Amino acid sequence: MSGPRRLYIKSFGCQMNVYDSRRMADTLAPEGFAETARPEDADLLILNTCHIREKAAEKIFSELGRVRALKEAAARDGRQMLVAVAGCVAQAEGAEIARRANIVDLIVGPQSIHRLPALVKQVGRGRAIVDTEFPVEDKFDHLAAPSRAAIRARGATAFVTVQEGCDKFCTFCVVPYTRGSEVSRPVAKIVAEVARLTDAGVVEVTLIGQNVNAYHGAGPDGRDWPLARLIERVAVVPGITRIRYTTSHPRDMSADLIAAHRDLPALMPYLHLPVQSGADPVLAAMNRRHRADEYLKIVEAVRAARVDIALSSDFIVGFPGEREEDFAATLDLVRTVGFAQAYSFKYSPRPGTPATTADEQVPGPVKAERLARLQALLDEQQRAFNQRCLGRTLDVLFEKPGRLPGQLVGRSPYLQPVNVMAAATLIGTIAPVRVVEAGPNSLFGELPGPAYSSSSVDRPIERAAAGGLETFA
Ligand code: SF4
C-alpha cells in the first residue's frame with residue numbers, strides 16, 4: 001500500500017449522524033484511512049443515511065445512482081471503490097438496499113459502526129455484507145477516540161453523544177425501531193471524552209441524544225445521574241465555555257434541568273423543545289404523552305429560570321385526523337410561545353410506524369396550505385427575534401471563514417450565525433460582537449472598537465436581573 005486509503009463520508013440528517021460519521025472516520029483512521037473531500041477519489045465511500053425525512057429511501061437510491069458512476073470511473077482507472085450505506089435507512093431497509101443496489105458492498109446499522117474495520121476486511125466479491133443487529137457490546141467502548149489533529153481540524157465545537165435510542169414511540173417516528181431503546185453512556189466516559197476534546201481546543205460541546213433529557217447514565221457514585229447533573233459535571237471540565245443539549249422531549253423537561261438554565265452560565269440560553277402540534281387530540285394520536293397546556297407551563301418555567309432563553313421547536317402539520325380547528329390550536333400555541341427558530345414539515349408516512357395506517361389522512365393540498373401558513377408565522381417570529389438583537393453586544397464563538405474575503409462566521413449564545421469582518425486568528429475563540437444588521441436567518445456584527453471594555457458586553461442574565469430584557473412570550 002503506497003499511501004493512506006481515502007475515505008469519503010456523506011452525512012445526512014441529524015447531529016447524531018454527524019457525530020457517528022466522525023466516529024467512523026476515527027475508527028477507520030488506525031486502519032490507514034484518511035478523509036478526503038473528493039468523493040471521486042474515495043477508496044471507501046460511506047453514505048450515512050437518515051430515515052426521518054419524506055421518501056428517505058428513494059433519496060438514497062438516487063444518491064447511489066450517482067455513486068455508481070463514481071465507482072465505475074474508479075474501476076476504469078484500475079481502482080476499487082468500496083461503497084457502504086450506514087445510518088437509519090441502512091437499519092430500516094438494509095435488505096431492500098442489498099437487493100436493489102448491487103454497487104453496495106456493505107450495509108451497517110447505527111449500532112454496528114464500531115465493527116466497520118472488521119467488516120471492510122470481509123468485503124469480497126458478490127453479495128453485500130449486512131450488519132444491522134443491535135449488538136450486546138457497547139459500541140462506544142469499541143469506537144476509536146479521535147486524534148488531537150482530527151479534533152483540531154473539526155474546530156472549536158463538538159458533538160458528544162450521551163444517549164441513544166428512544167422509548168417514547170411517537171406514532172409517526174421510526175427512531176425507536178432504527179436506533180433501539182434508550183441507552184445512556186456512563187458519566188465518566190462522557191467526561192473523559194469532553195476532556196479529550198477541550199485538551200485539543202474545543203470550547204463548546206453539544207450533548208446529543210434522540211431523547212437527550214431522558215438521559216440516566218451511571219454516575220461515579222454508582223447511581224443513575226439525570227441530564228442536569230451530567231451538565232453540571234461537564235461544566236467544570238477545564239476549557240469548557242459553552243454547553244448545549246439536543247433533542248429534548250417535553251415529558252423529560254425536569255425541574256432540575258430547568259434550574260440548570262438558571263444556575264449554569266455555561267449552559268447556553270437556547271432550548272430546542274419539539275411540540276409537534278398545539279392540539280390535544282393530535283398530540284394524543286401522536287402518542288406524545290403531553291398536552292398543549294403542559295408544554296406552555298414548561299415554557300413558562302424555563303423562561304422564569306432564564307428570561308432571555310431562545311426557544312426552538314419541531315412541528316408536523318397535517319397529521320392524520322388533524323382538523324382545521326386543531327391546526328388553529330397549533331397557530332395559537334406558536335403565537336403564545338414566540339419561537340426564535342423552528343423546523344416544520346408536512347406529515348408523511350414512515351413505513352412501519354403506526355400513523356402510516358391511520359384513517360383520516362389529510363389531503364396533500366390541505367397539508368401544503370397549512371404548512372405555508374405556519375411557516376409564515378414562524379418566519380415572522382424568527383425575524384422579530386433577530387431584530388431584537390440589533391444594537392446588542394453578544395459573545396460570538398467564531399467557527400470558520402465566512403463567504404466574503406476577510407469575513408468570519410460564528411454563533412451567538414442563541415445559536416444564530418453571526419457574520420463579522422475579523423482576523424482569522426479569532427477562529428476558535430469567543431469575542432464580543434455588536435450586532436449592526438439582522439437578516440431573516442443570520443446576524444451581521446462588528447468587533448467593538450478600542451473603547452470597548454468587557455463590562456459593556458450584553459450579559460443576558462445580568463440584564464434580566466436588572467429587569468432590562470424583553471422576552472418573547
Ligand atoms: S420522542 Fe422523538 S425520537 Fe422518540 S419516538 Fe418521539 S419523535 Fe421519535
Side-chain angles (χ1 to χ4, degrees), residues 12-20 48-54 56-57 87-93 109-111 134 159 161-185 206-217 226-227 244-254 257 271-292 294-295 298-299 311-322 330 333 339 341-358:
F12 300 80
C14 66
Q15 297 98 330
M16 304 286 294
N17 268 11
V18 175
Y19 178 86
D20 280 356
N48 194 14
T49 62
C50 169
H51 206 276
I52 294 290
R53 298 282 168 263
E54 196 172 6
C88 291
V89 177
Q91 183 69 41
E93 320 222 16
Q111 305 308 331
F134 287 109
F159 296 123
T161 293
V162 302
Q163 178 277 336
E164 277 204 335
C166 184
D167 296 340
K168 293 285 190 296
F169 289 92
C170 299
T171 54
F172 54 82
C173 182
V174 290
V175 164
Y177 311 102
T178 57
R179 294 270 178 166
S181 56
E182 281 170 9
V183 178
S184 297
R185 296 176 67 196
T206 303
L207 308 179
I208 56 174
Q210 268 94 19
N211 188 5
V212 71
N213 55 345
Y215 176 84
H216 56 274
L227 183 64
R244 303 180 187 276
Y245 63 93
T246 200
T247 296
S248 298
H249 191 286
R251 278 280 294 224
D252 297 314
M253 219 47 229
S254 56
L257 185 55
L271 174 63
H272 180 67
L273 191 62
V275 65
Q276 309 298 359
S277 168
D280 289 340
V282 177
L283 290 169
M286 289 175 165
N287 191 31
R288 288 291 291 174
R289 307 169 193 219
H290 64 81
R291 296 188 313 268
E294 290 168 331
Y295 185 88
I298 294 166
V299 166
L311 289 164
S312 159
S313 198
D314 292 341
F315 296 88
I316 294 173
V317 300
F319 189 77
E322 184 189 74
T330 299
L333 180 137
F339 289 97
Q341 210 230 332
Y343 303 91
S344 49
F345 307 96
K346 286 182 281 185
Y347 170 74
S348 67
R350 298 286 173 279
T353 57
T356 304
T357 53

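Predicted, not measured: the structure shown is a model, and the values here were computed from it. All ligand and atom numbering here is 1-based and tracks the order in the structure.
Under a 4.0 Å criterion applied to the non-hydrogen atoms of K168, ligand 1 contributes the atoms 1 (S), 4 (Fe). For ligand 1, the atoms lying closer than 4.0 Å to a non-hydrogen atom of P176 are 5 (S). Listed by atom number, the atoms of ligand 1 under 4.0 Å from H249 heavy atoms are 1 (S). Contact atoms of ligand 1 toward F169: 5 (S) (distance under 4.0 Å to a heavy atom of the residue).
With hydrogens and angles left out, the side-chain atoms of Q91 and Q111 include no donor and acceptor closer than 3.5 Å.
In terms of protein heavy-atom proximity, atom 5 (S) of ligand 1 is nearest to C170 N, 3.3 Å. Of the protein's heavy atoms, C173 SG, 2.3 Å lies nearest to atom 8 (Fe) of ligand 1.
For C166, the nearest N, O or S atom to atom 4 (Fe) of ligand 1 falls under 2.8 Å.
The shortest side-chain heavy-atom distance between C14 and C50 does not fall under the 4.5 Å cut-off. When side chains are defined from C-beta on, S248 does not count as touching H272, because their heavy atoms never get closer than 4.5 Å. Two residues are said to be in side-chain contact when any heavy atoms from C-beta on lie closer than 4.5 Å; D20 and N48 meet this criterion.
Here F172 has side-chain heavy atoms under 4.0 Å from ligand 1, and that is the only part of it that gets that close. By the criterion of a heavy-atom distance under 4.0 Å, neither the backbone nor the side chain of P274 is placed next to ligand 1.
Tested against N211 for a side chain to side chain donor-acceptor pair (under 3.5 Å), the candidates R251, E182, H249 yield a single pass: E182.
Ring geometry for Y295 versus F339: interplanar angle of 30 to 60°, hence tilted.
The CZ atom of R289 sits 8.5 Å away from atom CZ of F169, with the distance rounded to the nearest 0.5 Å.
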